[in-house]
Trainee: 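Dumping the structure here so I can ask a few things about it.
Residue numbers start at 1 and run along the sequence shown.
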Amino acid sequence: MGSLHALLLRPLGEARTWRATLHLLGGIYWAAANTVVLVLGLIVSLVPIPALIALGSVVGSVGFDTPAAGWLVMVLLLMIVPAGVLGFMGTAYALEGCARLEVSWYRSVHGIDMPLSLQLPAPHGPLVPLFVKLVRNPLLWRLMAYQLIRLPVALFAGALAVFAWVFPLTIVIAAGYFFIGFTVASLNRPGRYAGEAWESVPLLGLALLVPIVPYLVRWMLSWHVALARRYLGQMSADQLAARVYEVEQRREDAMAAAEAERRRIERDLHDGAQQQLVALAMLLGRAKRKYDSDPEATRALLEEAHRSAKEAIVELRELTRGLSPPVLADRGLDAALSALAARSQVPVSIDFEMERRAGRTAESIAYFMIAESLTNIVKHARASRAWVVVRRAGALLRVEVGDDGVGGAVLSGGSGLSGLADRAAGVDGTLTVTSPAGGPTTVSLELPCES
């Protein structure tokens with residue numbers, strides 16, 4: 001029964017169902033707006049062609065052979081041609097901005113990472129070479145084709161989404177209304193309306209269509225995603241080569257960060273905990289030799305050994321801050337963060353919402369980032385409170401750690417957060433720090449999930 005409820009009824013209340021529905025409905029207006037931008041831009045860009053043809057026919061028929069007429073023709077050409085060039089360039093950059101907004105929407109709302117393949121040159125420098133670069137850019141023409149193809153797809157998917165929700169719900173409401181009406185009437189006049197009441201019952205069978213709607217709208221959302229990936233996210237050979245190089249650099253940075261962490265642990269073990277344990281063993285040896293001859297000295301040595309043991313425990317606890325705690329693997333990120341918050345000297349509020357676990361690597365990096373951020377808050381921020389927000393949006397894990405302290409935190413080389421940024425980049429994640437003078441400070445992390 002529980003599995004049937006999860007299969008049929010739970011998707012009706014899930015956020016991704018309603019996000020998909022709103023995307024399908026809003027996609028109609030967004031596609032229409034993009035198409036309007038494209039069509040108007042192309043009209044402005046192509047206006048010079050008939051204008052030049054008309055100007056040529058006038059010159060040919062009238063025959064301007066005076067200097068004034070020549071200057072007039074030149075002025076008209078200088079007005080018409082730049083208008084078309086600027087119109088095309090404005091359309092190109094406007095469409096690129098719309099594509100960036102669309103990719104950002106997929107990433108932030110649906111958790112779908114879709115790198116934009118189109119990278120137009122900066123609008124600086126000589127006008128003619130820039131115009132030539134735009135005209136010769138095949139990805140720009142592919143973006144224009146995407147705007148034309150996407151509109152009918154958005155119209156069909158949006159109309160189908162409205163029909164999918166409205167039709168079964170309308171049938172169910174109507175069947176319920178007639179059934180109740182005929183039932184009440186049959187109570188007043190037995191035998192006359194009883195048959196009509198039960199005739200409306202088969203309509204209630206269409207209620208089975210309602211649990212299918214979430215799967216239908218998600219399937220239609222996949223149309224939009226597939227189309228966007230095909231036209232927005234498909235990279236050229238040069239872009240793929242640059243992407244491979246970037247991934248290799250990130251992997252090297254992650255390996256360097258892991259090697260630095262290993263050296264830190266070795267150094268701390270040798271200089272800290274190991275020395276503490278050696279001193280503890282020496283104290284216990286001295287106490288053992290004096291056990292029979294000098295009980296008071298033995299007591300003092302044992303007390304000193306006890307203090308040394310507690311200091312070694314503190315040293316080891318600080319050392320294991322960079323290691324994965326067992327509770328993280330056993331009970332997940334939520335329980336591990338609760339333990340972190342309980343040990344923090346600054347009050348920490350945790351807002352945790354994840355439908356399922358994000359994977360061991362993502363959770364481990366998120367835990368280290370939160371632990372490092374809370375440590376920095378205690379040491380440097382002079383904050384009265386801190387907060388942690390953890391969300392999973394599709395295939396992305398988002399973490400935010402903030403405080404109301406003095407601000408001024410930077411993501412500089414050599415800091416703990418810098419090492420975490422390298423580790424996040426190694427799995428194609430990002431870490432950003434926003435910390436103006438006077439606060440507040442916000443450290444944000446985005447990581448791809450493994451499942």
Trainee: Would you give the length of the straight line joining atom OG1 of Thr430 to atom CG of Leu447, rounded to the nearest 0.5 angstrom?
Mentor: 7.5 Å

Trainee: If every non-hydrogen atom of Ala159 is compared with every non-hydrogen atom of Ile28, which pair is closest and at what distance?
Mentor: N-CD1, 4.4 Å

Trainee: Would you compute the distance between atom NE2 of His380 and atom OG of Ser435 and round it to the nearest 0.5 angstrom?
Mentor: 11.5 Å

Trainee: Under a 3.5 Å cutoff, is there a donor and acceptor pairing between the side chains of Thr17 and Arg218?
Mentor: yes

Trainee: Has Ser104 got a side-chain atom pairing as donor or acceptor with Arg100's backbone, closer than 3.5 angstrom?
Mentor: no

Trainee: Within the side chain of Thr91, is there an N or O that forms a donor-acceptor pair under 3.5 Å with the backbone of Gly87?
Mentor: yes

Trainee: Could you check whether Glu353 pairs with Arg398 (Lys NZ or Arg NE/NH1/NH2 to Asp/Glu carboxylate O, under 4.0 Å)?
Mentor: no

Trainee: Which heavy atom of Ala341 sits nearest to which heavy atom of Val348, and what is that distance?
Mentor: CB-CB, 4.0 Å

Trainee: Flag the pair Ile350 / Trp387 as yes when at least one side-chain heavy-atom distance between them is below 4.5 Å, and no otherwise.
Mentor: no

Trainee: Would Lys133 and Asn137 count as a side-chain contact (heavy atoms from CB on, under 4.5 Å) if you check the C-alpha gap in whole Å, the side-chain angles of each, and the deciding distance to 0.1 Å?
Mentor: CA-CA 6 Å; Lys133 288 181 180 178; Asn137 191 335; over 6 Å; no

Trainee: Which atom pair, heavy atoms only, marks the closest approach of Val213 to Ala164?
Mentor: CG2-O, 3.1 Å

Trainee: Report the C-alpha separation of Arg392 and Arg357 in whole Å, then their side-chain angles, then the decisive distance to 0.1 Å, and conclude whether the side-chain contact (heavy atoms from CB on, under 4.5 Å) test is met.
Mentor: CA-CA 9 Å; Arg392 174 168 179 167; Arg357 298 189 64 172; 5.8 Å; no

Trainee: For residues 23-45, which residue pairs qualify under salt bridge (charged side-chain N to carboxylate O under 4.0 Å, His left out), counting only residues two or more places apart or in two chains?
Mentor: none

Trainee: Atom CG in Asp403, atom OG1 in Thr442: separation rounded to 0.5 Å?
Mentor: 7.5 Å

Trainee: If we check side chain to side chain contact (heavy atoms under 4.5 Å, CB included) with Val39, which of these qualifies: Leu42, Thr35, Val36?
Mentor: Thr35

Trainee: Would you say Pro121 and Leu130 make side-chain contact, with heavy atoms under 4.5 Å?
Mentor: yes

Trainee: Anything under 30° is parallel, anything over 60° is perpendicular, the rest tilted; go ahead and classify Phe88 against Trp141.
Mentor: tilted

Trainee: Measure the shortest side-chain to side-chain distance between Asp351 and Val390 over non-hydrogen atoms and say whether it is less than 4.5 angstrom.
Mentor: no

Trainee: Quick one: are Ile377 and Val401 in side-chain contact, heavy atoms under 4.5 Å?
Mentor: yes

Trainee: Would you compute the distance between atom CZ of Arg343 and atom CG of Leu374 and round it to the nearest 0.5 angstrom?
Mentor: 10.0 Å

Trainee: Closer than 3.5 angstrom, by distance alone: can the side chain of Asp404 be matched with the main-chain N or O of Ser384 as a donor-acceptor pair?
Mentor: yes

Trainee: For Leu232 and Ala99, which heavy atoms make the closest approach, and how far apart are they?
Mentor: CD2-CB, 4.1 Å

Trainee: Is any side-chain heavy atom of Leu101 closer than 4.5 Å to a side-chain heavy atom of Trp30?
Mentor: yes

Trainee: Determine whether His224 and His23 make a side-chain contact, defined as any pair of heavy atoms from C-beta on separated by less than 4.5 Å.
Mentor: yes

Trainee: Are the side chains of Glu102 and Tyr146 in touch, meaning some heavy atoms are under 4.5 Å apart?
Mentor: yes

Trainee: What do the steps show when you test Val378 against Ser344 for side-chain contact (heavy atoms from CB on, under 4.5 Å), and what is the final call?
Mentor: CA-CA 8 Å; Val378 172; Ser344 176; 4.2 Å; yes

Trainee: Starting from the C-alpha separation in whole Å, work towards a yes-or-no answer on side-chain contact (heavy atoms from CB on, under 4.5 Å) for Met220 and Val217.
Mentor: CA-CA 5 Å; Met220 288 186 290; Val217 296; 4.1 Å; yes

Trainee: Rounded to the nearest 0.5 Å, how far apart are CZ of Phe156 and CG of Leu151?
Mentor: 14.0 Å

Trainee: Which atom names give the shortest non-hydrogen contact between Arg391 and Leu397, and what distance separates them?
Mentor: O-CD1, 3.5 Å

Trainee: Mind checking the CG-CE spacing from Leu139 to Met144? Nearest 0.5 Å is all I need.
Mentor: 12.0 Å

Trainee: So which atom in Leu148 and which in Pro152 form the shortest heavy-atom distance, rounded to 0.1 Å?
Mentor: O-CD, 3.2 Å

Trainee: Side chains of Val433 and Leu431, heavy atoms from C-beta outward: is any pair under 4.5 Å?
Mentor: yes

